Engineer: 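This is the structure I want to talk about, given as structure tokens.
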Amino acid sequence: MAVDLRRRALLLAGVGLCGRAALANPDSRAQAFYTGRDIFTLGVAAGDPSDDGFVIWTRLLPAALDDPPLPDASVEVEWEVAEDEKFVRVRRRGIAWAEPQWAHSVHVEVRGLTPDRWYWYRFRAAGVQSPMGRSRTFTAAPAAPDELRLALASCQHFEYGYYAAYREMAHDAPDLIVHLGDYIYEGNTPADRPALRRHCNPPPTTLAGYRERYACYKRDLQLQAAHAAAPWVAIWDDHEFMNDYAGDAPPPGMPGESYLRRRAAAYQAYWEHMPLRLSSRPDQSGVRLHRELRVGTLARLLMLDTRQYRALQPCIDPKKPGGRWTDCPERAAVERTMLGGDQERWLEDRLRAGGCKWNLLGQSVMMAGLVGQGPAGPVRWTDGWDGYPQARDQLLRTLAATQASNPVVFSGDIHAWFANDLRADPGTPVVAAELVTTSISSIGQAYDAIVAQLPHNPQVRYFESRKRGYTRCRVSGSALQADLVAVDDVRDPDSACRVIRRIEIEAGRPGIAAA
Ligand code: FE
Ligand code: CA
């Protein structure tokens, strides 16, 4: 079965990369408002699979500035979901409206499908056929699949590298791609500094600017191939809005009103460009991004939002707010929330629900502590959970108190692989394992400085920051194996990828079993 799926993914990646023109088929009914060449320039995507459906996504956007613009009106989009890639056995079809107030994006929540199988989907609008994508439903409880194949991704700075990792991921054809944040970067490399390729617009501050930034990323065909090959589940980190931001607190010098207006624009653009459910669409209360995916009784995946509700980082330097390598009494002394009370209660409730072999937590920033050596003594990175140690310890005590079965935390953000043991308090037993995945393309952390600190950080069982790539996980009833897939040369879009390490976690034995 695995071989068959890989073959199909290869075919699919081929469609994503070069098959589009052949699929276009102008339809005279649509000529009234649109006669452009292609309006599916950002590809297609599926997300948030359940045991009977998933979201399918696209956004209508003409190919080039000299193409006719879309009307400032809703556009009818036909969609269909089939059991085969030739769309002979269509299981669901319907009409959706691409509305201009949501950037002509389409989010269809497809339901009523058969559990535990793959499907193909596509759209048609203005006489143009979209490329097709592939998605799946999960096993329905109380059944459990033999295994779940995941790919973990984070941090894909467009200017620093190509997406060979996504080409490889599309070829893997995993059951689910888990994106842990920094899907876009809002900042630009200064023009006088080298970059492999350039963002296509100035640093965004408005809705139009953030939309254009997403379009810039999503035009990458290797990223499109990864979206077309498998369903995704995504949460954000900071760069989807602003470096190291914290909740609704503006950085010093920025009026609260303009900070919140800009945050709302960034949040809206995120929803518009991700295969998210309607329940995650922004409204006055914000964006509900924390959510649960269930894979029969094998696993639950709890996606956590570590940005929207967090308190300010501690030990702030007013001239340079955000995360720093520092320490001060405030860091550990003051209760500072990371998830916010509502999300914490939701998480505890989901952990108490039990019924799954694995409890997987997907979130952006590293949870394990990491002590470094500064000129004036020990320092911690305050933008990660080390800036919120009381909230972290409380979460880890909750994992222990709820006896959550086989907890594993997935993290991104720091452009390095870490495999960590997590303990609530020093001297207490390990309660969970943490896998931090490296960046797809963003520049890595200083390797030597962290290696020098590893003797003081026995909780870190593996560390590697010199390579870009992703993490390929196989979750079965007995173990979670994580293969670290490294890109040979991120400057080469055709670069080969290779597994540089296997990390093993055993069911019934908290923490990292082998690294
Ligand atoms: Fe990043
Ligand atoms: Ca980040």
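Just so you know, these numbers use all the heavy atoms, side chains as well, and skip hydrogens, waters and symmetry mates. As the structure lists them, so they are numbered: ligands from 1, and atoms in each ligand from 1. One-based numbering along the sequence shown. What you see is a predicted model, and the numbers here were worked out from it, not measured in a lab.
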Engineer: Would you call Arg213 and Glu186 a salt bridge, using N to O less than 4.0 angstrom?
Structural biologist: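 Answer for the salt bridge query: no.
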Engineer: Give the minimum heavy-atom separation between Ser105 and Trp57, together with the two atoms involved.
Structural biologist: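 Here Ser105 and Trp57 meet closest at CB-NE1, 4.1 Å.
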Engineer: Under 6.0 Å between the ring centres of Trp236 and Phe241?
Structural biologist: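 Ring centroids of Trp236 and Phe241 are no less than 6.0 Å from each other.
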Engineer: Ignoring hydrogens and geometry beyond distance, is a side-chain donor-acceptor pair present between Ser465 and Trp417 at under 3.5 Å?
Structural biologist: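 Per modelled atom types, Ser465 and Trp417 side chains form no pair under 3.5 Å.
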Engineer: Between OD2 of Asp182 and OD1 of Asp413, what angle is found at the Ca ion (ligand 2), rounded to 10 degrees?
Structural biologist: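 That angle works out to 120° after rounding to 10°.
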Engineer: How close do Cys473 and Ala482 get, heavy atom to heavy atom, and via which atoms?
Structural biologist: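 Between these two residues, the closest heavy atoms are SG-CB, 4.0 Å.
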Engineer: Does Cys155 bring an N, O or S atom to under 2.8 Å of the Fe ion (ligand 1)?
Structural biologist: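 Yes, Cys155 qualifies, because one of its backbone or side-chain N, O or S atoms lies under 2.8 Å.
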Engineer: Any idea which N/O/S atom from Asp237 gets closest to the Ca ion (ligand 2)?
Structural biologist: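 For Asp237, the N, O or S atom at the smallest distance from the Ca ion (ligand 2) is OD2.
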Engineer: Testing the 3.5 Å rule here: is there a donor-acceptor pair between the side chains of Lys218 and Tyr183?
Structural biologist: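 The answer is yes; a qualifying pair exists.
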Engineer: Once rounded to 10°, what is the value of the angle centred on the Fe ion (ligand 1) between His415 NE2 and Tyr185 OH?
Structural biologist: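 Once rounded, the angle between the two atoms at the Fe ion (ligand 1) is 90°.
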Engineer: Strictly under 3.0 Å, is any N, O or S atom of Asp383 next to the Ca ion (ligand 2)?
Structural biologist: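 Short answer: no, not a single N, O or S atom is under the cut-off.
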Engineer: So does Asp238 have any N/O/S atom less than 3.0 Å away from the Ca ion (ligand 2)?
Structural biologist: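 Short answer: yes, at least one N, O or S atom is under the cut-off.
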Engineer: Verify the distance test for Asp237 against the Fe ion (ligand 1): any N/O/S atom under 2.8 Å, yes or no.
Structural biologist: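 It does not; every qualifying atom lies at 2.8 Å or beyond.
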Engineer: Specify whether an N/O/S atom of Ser442 falls short of 2.8 Å from the Fe ion (ligand 1).
Structural biologist: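 It does not: Ser442 brings no N, O or S atom closer than 2.8 Å to the Fe ion (ligand 1).
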Engineer: From the N, O or S atoms in Asp182, identify the one nearest to the Fe ion (ligand 1).
Structural biologist: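 Restricting Asp182 to its N, O and S atoms, the minimum distance to the Fe ion (ligand 1) goes to OD2.
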Engineer: I'd like to know if the Fe ion (ligand 1) has an N/O/S atom from His239 within less than 2.8 Å of it, counting both backbone and side-chain atoms.
Structural biologist: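 No, His239 does not qualify, because none of its backbone or side-chain N, O or S atoms lies under 2.8 Å.
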Engineer: Do we see a donor-acceptor contact under 3.5 Å between the side chains of Arg336 and Tyr388?
Structural biologist: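 Short answer, no.
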